[in-house]
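This report refers to the structure that appears directly beneath it.
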Amino acid sequence: MYQYHCLNPISEVGLEKFAEEYVPSSLPNADAVLVRSASMHEMEFSPKLKAIARAGAGVNNIPLEKCADAGIVVFNTPGANANGVKELVIAGMLLAARDIVGGINWVEEHEEDGDIAKLAEKKKKEFAGHEIEGKKLGVIGLGAIGVLVANAATHLGMEVYGYDPYVSVDSAWRLSRNIKHARTLDEIYKECDYITIHVPATEETKGLIGAEAISLMKKDVVILNFARGVLVEQEAIVDALVSGRVKRYVTDFPSQEIVGVKNAIVIPHLGASTEESEDNCAKMAVSELMDFLENGNIHHSVNYPDCDMGVCRAKARVTLLHRNVPNMIGQFTALLAEENVNIDRMVNKSKGAYAYTIIDVNEEISQNIVDKLTKVKDILRIRVIV
Ligand SMILES: NC(=O)c1ccc[n+]([C@@H]2O[C@H](COP(=O)([O-])OP(=O)(O)OC[C@H]3O[C@@H](n4cnc5c(N)ncnc54)[C@H](O)[C@@H]3O)[C@@H](O)[C@H]2O)c1
């Protein structure tokens, strides 16, 4: 039996995916924790805790290194909310194409006016705009969200350019062949009427869209930012909106600088705020935890390497979380050989300062062997799965 604890409300649709042998418990008794935004930085971890799954992508609320040192694997759920974000990006493009927000506001301001129908017919030209069909869209970052946005935009009749020098094989497979491959950012800036960013915020990408990038873009370009506020330099975008160089800036990240600026459409971080996104994140978190607890497999960890040996069919599977230092595997294999244990299959992966080894053997692993393995320096946790 495995015990889990939810630090925040987690979608029931996800929790229902737990098999019968999983039961809710108090935090000190939990083998696994599910969390959304609760801060875990000041928490004491019980030695029983083996895994934490963040239902969502960001993991700022979790002390990753402290967890890794304690042999606790931290998972997140990348891509589980991608469709929710994609739909809001499409909505953002449509909101930018005509002054829909201005039009709705005008109607609300005239709600008392008995002549509203007539007045609207006169006023409507002020809110008119363009259609997005036939326009060029540049997508910067072709990961889980970027691919969905790019593919959806082709179905709306847009000509789509994609830029991602680090694109994964998986994303490349999912990308429609109608997307044009932009080799440089300049190509996107020069060609596109709409530009949307879907890259993580890193030292490389912070301020990606600044005054220089904007100067290379078409006049009247629409910029969409549903990734992170820091990707766009606030001063540069405000100047470009005020001068009319950029037609509209649609962002999911309110800031003091941008709120209230004409032609900025500012949304209060609603990208992943859908019931479906929350369900998908919870389902993914539960399946990651179950595969780890039952088979030792790691998928989408942020502090240990991904590692998969499939369903455990061996007599015993030994999983070892350890530091990424020389001769760890040599010590494990020598120790098992001394005890006359034959290794059937083995895999070892590393990520930064930490590593993970899974060993399948066709005989039982005695407590004596576990005790000996425990004494190996730089091992952080051993589990034997039978
Ligand atoms: N608005 C929201 O509520 C919301 C929700 C989820 C995610 N996000 C944001 O969206 C971002 C993208 O999410 P995702 O799930 O698609 O992530 P992802 O990791 O699947 O994709 C990111 C892509 O960016 C690419 N990339 C990295 N650096 C790049 C660079 N310098 N130039 C071009 N491409 C680069 C990577 O190769 C990858 O393909 C996240 O980092 C997150 O900040 C926002």
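V35 pairs in a side chain to side chain contact (heavy atoms under 4.5 Å, CB included) with only one of the listed residues (V59, I10, I62), which is I62.
Legend: salt bridge (Lys or Arg N to Asp or Glu O under 4.0 Å) pairs involving residues 134-157, not counting sequence neighbours, sorted by first then second residue: K136-E191.
Annotation: side chain of E275 is not in contact with side chain of V13 (no heavy-atom distance under 4.5 Å). V139 is not listed as a side-chain neighbour of I197, based on a closest heavy-atom distance of 4.5 Å or more.
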Item to complete: Just do the side-chain contact (heavy atoms from CB on, under 4.5 Å) check on I267 and T251 with the steps written out, would you?
Response: CA-CA 6 Å; I267 298 168; T251 180; over 6 Å; no
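Remark: aromatic rings of H181 and Y163 are distant, center separation not under 6.0 Å.
In plain terms, the two heavy atoms of A153 and V160 that are nearest each other are CB-CG2, 3.7 Å.
We find the CG-CG distance between L64 and D69 to be 11.0 Å, quoted to the nearest 0.5 Å. Note that CE of M328 and OG of S350 are 12.5 Å apart. Values are rounded to the nearest 0.5 Å. Note that the CG atom of L34 and the CD atom of E288 stand 10.0 Å from one another [nearest 0.5 Å].
Residues V221 and L95 do not share a hydrophobic cluster, defined by chaining ILVMFWY side chains whose heavy atoms lie under 4.5 Å apart. Note: the hydrophobic cluster containing M93 also contains I145 (ILVMFWY, side chain heavy atoms under 4.5 Å, direct or indirect links).
In the displayed structure, R313 atom CZ is contacted under 6.0 Å by at most 12 heavy atoms of other residues, nucleotides or ligands. Annotation for R98: atom CZ does not count as buried by contact number, only 12 or fewer foreign heavy atoms lying within 6.0 Å. Counting non-hydrogen atoms of neighbouring residues, nucleotides and ligands closer than 6.0 angstrom, the CD atom of E131 reaches no more than 12 such neighbours. Within a 6.0 Å radius of NE2 in H110, more than 12 heavy atoms belonging to other residues, nucleotides or ligands are found. Atom CD of E21 is surrounded by more than 12 heavy atoms from other residues, nucleotides or ligands within 6.0 Å. Under a cut-off of 6.0 angstrom, the local environment of CD in Q256 is sparse, with at most 12 non-hydrogen atoms contributed by other residues, nucleotides or ligands.
Applying the side chain to side chain contact (heavy atoms under 4.5 Å, CB included) test to C312 and every residue at least two apart in sequence or in another chain returns N295, R317, I385. For P305, the side chain to side chain contact (heavy atoms under 4.5 Å, CB included) partners two or more places apart in sequence, or in a different chain, are K349, K351, Y356.
A salt bridge does not link E121 with K118: none of the charged nitrogens is closer than 4.0 Å to a carboxylate oxygen. The pair E203-K206 meets the salt-bridge criterion, with a side-chain N (NZ, NE, NH1 or NH2) lying under 4.0 Å from an Asp/Glu carboxylate O.
N8 places a side-chain N or O within donor-acceptor distance of the main-chain N or O of S37, the cut-off being under 3.5 Å.
Relative to the ring axis of Y194, R248 does not place its NZ or CZ within 45° and under 6.0 Å from the centre.
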